J.: 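Pasting a structure here, questions to come.
What you are looking at is a predicted structure, and each value in this text was computed from that prediction instead of being measured. Every chain is numbered from 1 and lettered A, B, ... according to where its sequence line falls, protein lines coming before strand lines.
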Amino acid sequence: MSEDGQSAATESTDETSEPTSGKLVELAKRRGYFFQSSGAYGGVGGFYTFGPQGAALKGNVEDAWRDRFAVAEGNMEIDAPTIMPEPVFEASGHLDGFDDMLIECPDCGTSSRADHLVEDNTDYEDAESLPIPEVEEVIAEYELVCPECGAGLADVAVENFNLMFDTNIGPGDADPGYLRPETAQGIFVEFPRLKEYARNQLPFGVTQIGRAYRNEISPRRSIIRTREFTQAELEYFVDPEEDEPDLESVADVAVTLYPASEQNAEDGSEIETTIGEAVAEGIIGDEWVAYFLGVAKPWYESVGVDMDRFRFRQHLAGERAHYAADCWDAESEIDGNWIEMAGFAYRGDYDLSKHGDHSGDRFTVFKQYDEPQTVERATVDPDMSYLGPEFGGAAQAIVDELEALAARDRDAFDGETVTIDLEGETHEIPLEKTGFAVEEETIAGEHVTPHVVEPSFGVDRLVYTVLHHAYREDEVDGEERTYLDLEPEVAPTFVGVFPLQNDAELEATADEIVADLREAGLSVTEDDSGNIGRRYRRQDEVGTPFCVTVDYETIENPETTVTVRERDTTSQKRLPIDELAETLAAIRTGDLAFEDL
RNA sequence: GCGCGGAUGGUCUAGUGGUAGGACCUGAGCCUUCCAAGCUCAUGGCCCGGGUUCAAAUCCCGGUCCGCGCACCA
């Protein structure tokens with residue numbers, strides 16, 4: 001976590017320019033946000049447990065995402081299994097595409113892609129499709145060497161490494177399955193049924209919040225890169241020819257963009273613009289992607305991402321999947337490094353077409369024309385009682401050719417006989433034996449494969465960013481203080497309730513208040529230990545926005561008020577107990593501000 | 001997976017070939033009429049497995065985990 005070099009790459013924006021990751025990870029461990037899993041058994045790499053505060057924060061973030069991307073957009077949410085059978089991943093391309101052949105140099109230890117080595121140094125073009133023993137043979141035959149140190153790689157084993165966790169479905173290994181490497185496939189696979197729920201009307205969107213698994217070679221940076229993580233994904237299915245996003249509603253959203261052209265430029269930099277302008281100037285190539293960027297930005301802000309440390313970065317041509325026309329990431333800055341929090345991709349019909357090809361089902365939507373179209377169609381209905389005896393085994397081939405010919409060249413049926421060329425031989429078929437006819441057909445519509453726009457969010461990285469961007473250090477009355485400036489909407493604990501001192505009467509009143517607030521649906525913690533300042537600091541450190549203190553005025557005053565203390569400013573106001581729950585609930589939903597009390 | 005560095009109560013850390021000390025936290029009590037105060041007491045630890053040794057938390061080897069760099073990140 002060195003400061004040099006890294007922080008120079010980006011202009012840090014505020015008082016937290018000093019790296020805080022170390023301190024944050026320590027706080028997260030101590031206060032129950034997240035920590036290494038299975039610690040009692042030595043820990044396991046790339047797996048983290050969200051503690052009591054972390055699970056609540058993550059849940060709140062997921063709820064906020066659901067409100068915005070499912071409920072507010074009118075999309076439907078599903079919950080698919082995390083394990084799916086092998087054919088799903090054959091179709092999706094993960095079985096091949098996620099599979100790397102690695103070969104490790106015995107001398108210098110460098111790992112290289114064995115298939116790339118072969119392709120670069122031999123005439124083989126698609127080494128990835130070769131079985132491993134054959135790749136090993138080729139390496140030995142061509143005496144390929146390590147690209148780093150030049151050591152010979154003949155007789156070095158090629159390891160197959162697939163980033164997917166595999167398992168067996170049921171007993172034995174006849175039915176392999178995989179833990180999904182992204183939640184998206186669970187949506188795509190169910191498309192034929194989901195489109196029924198959408199009553200075959202495009203556009204429609206399906207969301208899913210769930211776990212995905214990748215057996216990363218090297219998990220890093222606490223919960224930034226783990227082997228099990230949570231995604232919140234929206235697959236939005238559109239008719240590419242007709243559907244258009246409501247760009248107007250997000251046109252004025254101000255965004256920081258880092259387009260590919262700027263990344264490639266010598267002195268490129270981020271661009272401050274609006275969604276509307278970026279589309280007008282062609283910076284964002286796809287309007288759907290632009291729309292969801294416009295939805296995402298204010299949402300990120302609402303859950304507490306610092307907009308001075310946030311940008312959308314366009315994928316460079318090289319990092320884009322081949323089917324993606326345009327792709328942007330949402331990135332946040334953590335100690336001078338930009339990390340990817342979400343990807344917004346226009347995936348075309350790639351996914352649905354693949355599943356349509358590989359499965360027996362139809363991954364299309366029937367699109368009705370405004371007016372039914374009448375077309376003339378030439379058909380044949382061959383007389384098999386003639387063709388069979390006449391041509392024997394070739395009869396079926398002749399039928400196929402007649403059908404093809406009718407579609408291709410109606411004029412061929414103008415004469416007394418029809419001429420068929422079949423494997424060099426010419427056959428004359430009497431016209432009346434072909435059953436040729438031109439019919440009028442009414443076509444009500446067509447089957448179209450929808451295109452997919454995919455906003456895909458990493459929830460863990462977002463939670464990490466929210467914590468990191470909320471981390472604050474300041475001084476209160478000369479004492480150092482650490483607090484988390486979490487948005488009330490996502491803060492895991494919303495209010496702490498304290499009796500000012502050890503006093504049965506104060507404690508009894510505090511108990512009643514706690515019960516009231518909990519009944520109002522607020523997340524409440526009660527604390528009567530130590531002096532009042534310590535209790536305030538405790539809540540500051542987990543980011544609890546408000547604390548209520550029951551003092552002697554509360555039990556003496558007929559109006560029975562308590563103090564409400566706000567976390568960031570530590571300022572206090574007195575509120576009547578009977579208005580407390582209602583007022584705090586309104587603050588949490590954003591309908592009321594503490595300053596206005 | 002490779003290289004470098006690291007691992008001591010919940011957290012942060014001191015330390016030596018002779019079985020560990022501090023600070024903070026936490027709990028109990030006293031005190032206390034609003035911001036980590038004070039006093040008393042208490043709980044709690046050498047990452048795991050081998051080896052060397054009379055003796056290993058310390059030295060050696062292997063592993064696990066963490067951080068960083070490389071590679072990887074459809």
J.: Between G6(B) and G21(B), how far apart are the P atoms? Round to whole Å, please.
T.: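 Going atom to atom, P in each nucleotide, I get 25 Å.
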
J.: What's the gap between U11(B) and G45(B) when it is taken at their C1' atoms, as a whole Å value?
T.: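 About 12 Å, rounded to a whole number of Å.
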
J.: Quote, to the nearest angstrom, the P distance that separates U8(B) from A14(B).
T.: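 The same atom, P, in both gives a distance of 10 Å.
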
J.: Would you tell me whether Ser218(A) and Arg220(A) have side-chain atoms, one donor and one acceptor, within less than 3.5 Å of each other?
T.: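 Yes - a donor-acceptor pair under 3.5 Å links their side chains.
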
J.: Scan every strand shown for a Watson-Crick or G-U wobble partner of C41(B), both distances under 3.5 Å, and answer none if you come up empty.
T.: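 Its partner is G27(B) (Watson-Crick or G-U wobble, both distances under 3.5 Å).
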
J.: Rounded to whole angstrom units, what separation is found between the CZ atom of Arg31(A) and the P atom of U11(B)?
T.: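 Nearest whole value for this atom pair: 13 Å.
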
J.: On the side chain of Tyr536(A), is there an atom forming a donor-acceptor pair with the base of C34(B) - under 3.5 Å, no angle test?
T.: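 For Tyr536(A), whose side chain was compared with the base of C34(B), there is a donor-acceptor pair (under 3.5 Å).
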
J.: Regarding Gly46(A), tell me which of base, sugar-phosphate or nothing describes its non-hydrogen contacts under 4.0 Å with the strands shown.
T.: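 The residue Gly46(A) makes sugar-phosphate contact but no base contact.
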
J.: Spell out yes or no: do the side chain of Gln572(A) and the base of C34(B) have one donor N/O and one acceptor N/O closer than 3.5 Å?
T.: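 Check passes, donor-acceptor contact within cut-off.
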
J.: Can you measure Arg535(A) atom CZ to C35(B) atom C1' for me and round it to whole angstrom units?
T.: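 About 11 Å, once rounded to whole Å.
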
J.: If the C1' atom of G1(B) is compared with that of U53(B), how far apart are they to the nearest Å?
T.: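 After rounding to an integer number of Å, I get 36 Å for this pair.
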
J.: Count the heavy atoms belonging to other residues, nucleotides or ligands that lie under 6.0 Å from CD of Gln263(A), then report whether that count exceeds 12.
T.: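 Counting other residues, nucleotides and ligands, CD of Gln263(A) exceeds 12 neighbours.
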
J.: Watson-Crick or G-U wobble partner for A20(B), using a 3.5 Å limit on both distances?
T.: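 A20(B) is unpaired by these criteria.
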
J.: Check the distance between C31(B)'s C1' and Ile532(A)'s CD1 and give it to me in whole angstrom.
T.: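 After rounding, the reported distance stands at 16 Å.
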
J.: Pairing check on C72(B): which nucleotide meets the Watson-Crick or G-U wobble criteria with it, both distances under 3.5 Å?
T.: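 Across any shown strand, C72(B) pairs with none.
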
J.: Write down the partner of G62(B) under the Watson-Crick or G-U wobble criteria, each distance required to be under 3.5 Å.
T.: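 Matched G62(B) with C48(B) under the 3.5 Å cut-off.
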
J.: When you measure only distances, ignoring hydrogens and angles, does the side chain of Arg30(A) come within 3.5 Å of the base of C12(B) through a donor and an acceptor?
T.: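 Not at all, since no donor on one side and acceptor on the other fall under 3.5 Å apart.
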
J.: With C1' as the reference atom in both, quote the distance from U52(B) to C61(B) in angstrom, rounded to an integer.
T.: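 My reading of the C1' atoms in U52(B) and C61(B) gives 11 Å.
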
J.: With rounding to the closest Å, how many angstrom separate the P atoms on G50(B) and G67(B)?
T.: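 Between the two P atoms, the distance is 28 Å.
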
J.: For U32(B), what is the paired nucleotide under Watson-Crick or G-U wobble rules, both distances under 3.5 Å?
T.: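 Pairing partner: none.
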
J.: So, does the side chain of Asp551(A) form a donor-acceptor pair with the base of C34(B) at under 3.5 Å?
T.: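 Indeed there is one.
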
J.: Would you mind telling me which of Glu190(A), His355(A), Arg180(A) makes a side chain to side chain donor-acceptor pair (under 3.5 Å) with Gln185(A)?
T.: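 Exactly one option meets the side chain to side chain donor-acceptor pair (under 3.5 Å) with Gln185(A), and it is His355(A).
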
J.: My understanding is that a pair needs two contacts under 3.5 Å, Watson-Crick or G-U wobble. By that rule, which nucleotide pairs with A55(B)?
T.: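 Base-paired to nothing in any strand shown.
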
J.: With a 3.5 Å cut-off and just heavy-atom distances, do the side chain of Arg220(A) and the base of G69(B) make a donor-acceptor pair?
T.: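 Yes, the side chain and the base share a sub-3.5 Å donor-acceptor pair.
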
J.: In the structure shown, which nucleotide is the Watson-Crick or G-U wobble counterpart of G67(B), with both distances under 3.5 Å?
T.: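 Per the H-bond distance test, C4(B).
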
J.: Pair Phe494(A), Phe546(A) - check ring-ring contact (aromatic ring centres under 6.0 Å, His included), show working.
T.: CA-CA 6 Å; Phe494(A) 182 68; Phe546(A) 298 100; 5.6 Å; yes

J.: Looking only at the side chains, is there a donor atom on one of Thr449(A) and Ser353(A) sitting less than 3.5 Å from an acceptor on the other?
T.: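 No donor-acceptor contact under 3.5 Å links the two side chains.
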
J.: Using a 6.0 Å distance limit plus a 45 degree cone around the ring axis, check whether Arg311(A) lies over the aromatic ring of Trp338(A).
T.: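 Relative to the ring axis of Trp338(A), which defines the angle, Arg311(A) lies inside both limits.
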
J.: Classify the side chain of Thr563(A) versus the base of C34(B) as yes if they form a donor-acceptor pair under 3.5 Å and no if they do not.
T.: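 In this structure, the two groups form a donor-acceptor pair.
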
J.: Report yes if a side-chain nitrogen or oxygen of Arg565(A) is closer than 4.0 Å to either non-bridging phosphate oxygen (OP1 or OP2) of C35(B); otherwise report no.
T.: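 The answer is no; no side-chain N or O of Arg565(A) sits under 4.0 Å from OP1 or OP2.
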
